[in-house]
Undergrad: 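Before I ask anything, let me first share the structure, which is written out below as structure tokens.
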2 protein chains.
Amino acid sequence: MAKRHLSLKDLASELNISISTVSRALKNHPDISPELTRKVQELAAARHYVPNPLAMGLLKQETKMIGVIVPDLVTHFYSSVISGIEEYAKNRGYFILLASSYESMEKEIESISNLLKARVDGMIVCLSKETSRFDHFLQLIENEIPLVFFDRVCLTELVPCVVADNRNSVEKIVSHLKEEGFKRIAFISGPAYLSISQERIEGYLSGLKKSGLEFDPDLLQSCSMLTEEAIRITDSFLVLPNPPDAIFAINDMVIFTVMKELKRRGIKIPEDFGVVGFADEFHATFSSPELTTITHPTWEIGLKAAELFFKKMEDPTFAETVVLKTTLVARESSKKLKIKN
Amino acid sequence: MAKRHLSLKDLASELNISISTVSRALKNHPDISPELTRKVQELAAARHYVPNPLAMGLLKQETKMIGVIVPDLVTHFYSSVISGIEEYAKNRGYFILLASSYESMEKEIESISNLLKARVDGMIVCLSKETSRFDHFLQLIENEIPLVFFDRVCLTELVPCVVADNRNSVEKIVSHLKEEGFKRIAFISGPAYLSISQERIEGYLSGLKKSGLEFDPDLLQSCSMLTEEAIRITDSFLVLPNPPDAIFAINDMVIFTVMKELKRRGIKIPEDFGVVGFADEFHATFSSPELTTITHPTWEIGLKAAELFFKKMEDPTFAETVVLKTTLVARESSKKLKIKN
DNA sequence: TCCGCGTACGCAAAGCATTGCGGAGAAGAA
DNA sequence: TTCTTCTCCGCAATGCTTTGCGTACGCGGA
């Protein structure tokens, strides 16, 4: 119902000159006399003329829109990354078109199709937890549509990626727990085909080795990231003949569920059990006890992903993977030693 | 760098027919013979032809995009509402263009301008906490650009709005705390010009009256929603000659800050102090003690806002305000009586 | 044989901005 | 006076789709 927007034609007819002259005057083309240029620019400013992006898009074959697909919007990690992407994109005059995969590969494919219909210039994606095949992304690559992955990645030879230093993060967790006096460290990982699961498991194994702890397969479990399964796995750890005395998990949802289950069973954190998560500041500091956690530079992941996106636009062969450092913030949930003192 | 997209022209030349014939065949126009229609549709399907939305937009003067402006993305409440909006919009073939005001009126105005440049068909907005003047929205209304507000609203005579039942919510909180045995109930509200602040203060006053508690101005404070101020106000309550024994606050950020400050000072919740928030499920259940809270139907707010948006598109005079019911979920943080038993 | 009508399709304009090229007009030179 | 040249601006095509209107062809009836 909105009124028709102002166009070059309107300005042209108001000044009794041609559309092309208006267009040129607005970009200070030397062919247009200074006086006329001034007059046109003044009128355009007064009327708040803005070029029609649809027309520009049609002409330039670009929409200045970036499709962003995340597993969900409500998880702090993703919304924070999106904020970062948006910030960078905005400064380059680009907009973000948002789509959720709801952790479903089917919806992920559907989202790609939707974004393609909207003619986005490219996409920035975090894989759904179900995504074990990558045909849909290969198709994008074949069509030379710029693509960037973050966090959960794949096809790293072809696609620029932004990831946290997962391996090192987990090593930090293991060595921290070891130093705090925990000896049997359990890890609840995610689906096996996810890059973050694989890297963190590697870090778990190498971390154990470095810390001189031995690996017990019983203490490493994959989790679909559902609440019920997190509870089930936690319980299964507790009934082990030789149960763990510390635990960390792949995301905040899982680790908070674990904490809740431990508390429900009267197990004291950190006295009886050390707990560490991959979580965001907000959650970690408001939990009780405050959660020791690896913090991702979420905002920076978003900025970097956007930056890589624009690089990829300029250079289709670009496919660098940027690894961002994480920080282990030691809080109460892992402070066994301090408590003992 | 993406390849040129497939157009009607491509299909037409491949079949040696005119563009208009292809266009008509695709929409089963009776002028086109059944065989040709079939041939065209088969080719279009094989080539995955999708009409160019830019061309359509140019023609129809619409972009099928809705601008959404929220104070920030990382707050669960907003991201959840956005999810709801996105869901509804997607099913109607619309996309969402996201913009953050970062709680700043200046950025809010800038976002509106940006979205206008992108030629969104309309906007769904939650006011920034700074927004005390509404000229920028009046301008949208003058230009007949469909607009819907949610949560923090204004100009309700002109604009459809979706809000939670704030007054009733607060009455529920007050009566709940009263029943649990708390007698001096403090409230940390938000900036005075925000609709949610006003309505909740009204609910606070009427709730006190209904519960037979008297109003003490010392126990009602406005807060800019910054951590430092939440701490300052909490402290100021505690040094009152006649301090409160319960508290609730306008959002989860504030209430968790309050809880943390209370705990830091060794005050026991809920034994010494009852605490209630306006917060989301996730945070509330993972805090310790678990937080008694008013839960907003966030997803539904988003769905409803989108629904009203489409109504507003059809009927420019439409300006209904929809009030959604909230629920008080009683958890540990307010269970004084249970503890005593 | 010719008219009329229906069938099945093509032309072109509109929506908007950009840009190569052509052209009108003026001023200077011969 | 006439030709050249430069300045300054307009025409038209391009990108893509929709749709009113025009048209070619075929067939039946007179």
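From a predicted model like this one, the values you see are computed outputs, not experimental measurements.
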Undergrad: Could you check how far CG of A/Asp31 sits from C1' of C/dG25, rounded to whole Å?
TA: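 Those two atoms, CG and C1', are 15 Å apart.
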
Undergrad: Any side-chain heavy atom of B/Ile124 sitting closer than 4.5 Å to one from B/Ile66?
TA: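 The answer is yes, as the side chains (C-beta and beyond) meet within the 4.5 Å cut-off.
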
Undergrad: Checking the side chain of A/Glu103 only, and the main-chain atoms of A/Pro71 only, is there a donor and an acceptor separated by less than 3.5 Å?
TA: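 A pair under 3.5 Å: no.
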
Undergrad: Of all the nucleotides listed (C/dA17, D/dT17, D/dG15), which has the minimum atom distance to the side chain of A/Gln61?
TA: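 Side chain of A/Gln61 sits closest to D/dG15.
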
Undergrad: Give a yes/no answer on whether the side chain of B/Tyr49 brings an N or O atom under 4.0 Å of OP1 or OP2 in D/dT17.
TA: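 So the side chain of B/Tyr49 is within the cut-off, an N or O lying under 4.0 Å from OP1 or OP2 of D/dT17.
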
Undergrad: In whole Å, what is the span from the CG atom of B/Leu15 to the C1' atom of C/dG10?
TA: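 Distance, rounded to whole Å: 15 Å.
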
Undergrad: Give one of base, sugar-phosphate or nothing for B/Ser23, where a contact means two heavy atoms less than 4.0 Å apart.
TA: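 Base contact.
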
Undergrad: Please check this pair: side chain of A/Thr75 against backbone of A/Asp72, looking for a donor-acceptor N/O pair closer than 3.5 Å.
TA: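 Flag not set: sc A/Thr75 to bb A/Asp72 has no pair under 3.5 Å.
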
Undergrad: Looking only at side-chain atoms of B/Ile19, point me to the closest of D/dT19, D/dT18, C/dT18.
TA: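 When the side chain of B/Ile19 is considered, D/dT18 is the closest of D/dT19, D/dT18, C/dT18.
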
Undergrad: Can you see which heavy atom on B/Ser83 is nearest to which on A/Tyr102, and at what distance?
TA: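 Heavy-atom minimum between the residues: O-OH, 4.1 Å.
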
Undergrad: Take the protein atom NE2 of B/His29 and the nucleotide atom P of C/dC9, then report the distance between them rounded to whole Å.
TA: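 So the NE2-P distance, B/His29 to C/dC9, works out to 12 Å.
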
Undergrad: Rounded to whole Å, how long is the line connecting atom NZ of A/Lys9 with atom P of D/dC11?
TA: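 It works out to 13 Å between those atoms.
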
Undergrad: For B/Thr37 and B/Ser33, indicate whether the former's side chain and the latter's backbone hold a donor-acceptor pair under 3.5 Å.
TA: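 Looks like yes, one N/O pair under 3.5 Å.
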
Undergrad: Of the nucleotides C/dC9, C/dG10, C/dA17, which has the atom closest to the B/Leu36 side chain?
TA: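 Ranking C/dC9, C/dG10, C/dA17 by closest atom to the B/Leu36 side chain puts C/dC9 first.
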
Undergrad: Categorize A/Ile17 for me: base, sugar-phosphate, or nothing, with a 4.0 angstrom heavy-atom threshold over every strand shown.
TA: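 A/Ile17: backbone/sugar contact only, no base atoms under 4.0 Å.
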
Undergrad: Take the protein atom CG of B/Asn28 and the nucleotide atom P of C/dA8, then report the distance between them rounded to whole Å.
TA: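 The answer, rounded to whole Å, is 14 Å.
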
Undergrad: Check the pair B/Phe310 / B/Tyr94 against ring-ring contact (aromatic ring centres under 6.0 Å, His included), numbers first and verdict last.
TA: CA-CA 10 Å; B/Phe310 286 106; B/Tyr94 276 68; 4.9 Å; yes

Undergrad: Does C/dT18 have OP1 or OP2 under 4.0 Å away from a side-chain N or O of A/Lys60?
TA: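 For C/dT18, OP1/OP2 do not have a side-chain N/O of A/Lys60 under 4.0 Å.
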
Undergrad: Nearest heavy atom decides the nucleotide; on that basis, is A/Thr21 or B/Met56 closer to the 5' end of DNA chain C?
TA: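 Comparing both residues, the 5'-ward one is B/Met56.
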
Undergrad: Let's see if you can work this out: which of C/dG15, D/dG10, C/dG10 has an atom nearest to the side-chain heavy atoms of A/Arg24?
TA: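 Closest nucleotide among those given: D/dG10.
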
Undergrad: Do A/Ser18 and D/dC11 have a side chain to base donor-acceptor pair shorter than 3.5 Å?
TA: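 In this structure, the two groups form no donor-acceptor pair.
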
Undergrad: Calculate the interatomic distance between A/Leu8 atom CG and C/dG15 atom P; express it in whole Å.
TA: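 After rounding, the gap between these two atoms is 14 Å.
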
Undergrad: Looking across every strand, which nucleic acid part, if any, lies under 4.0 Å from A/Asn52 by heavy atom: base, sugar-phosphate, or nothing?
TA: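 Sugar-phosphate contact only - A/Asn52 comes under 4.0 Å of backbone atoms but never of a base.
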
Undergrad: Over all strands shown, is A/Ser33 touching base, sugar-phosphate only, or nothing at heavy-atom distances under 4.0 angstrom?
TA: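 Sugar-phosphate contact only - A/Ser33 comes under 4.0 Å of backbone atoms but never of a base.
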
Undergrad: In whole Å, I'd like the distance from the CD atom of B/Glu62 to the C1' atom of C/dC16.
TA: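 Atom CD in B/Glu62 sits about 16 Å away from atom C1' in C/dC16.
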
Undergrad: Just call it for A/Lys27: base, sugar-phosphate, or nothing, with non-hydrogen atoms closer than 4.0 Å on any strand.
TA: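 Answer is sugar-phosphate: A/Lys27 comes under 4.0 Å of backbone atoms only.
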
Undergrad: Roughly, in whole Å, what's the span from CG in A/Leu58 to P in D/dA13?
TA: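 In whole Å, D/dA13 P and A/Leu58 CG are 17 Å from each other.
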
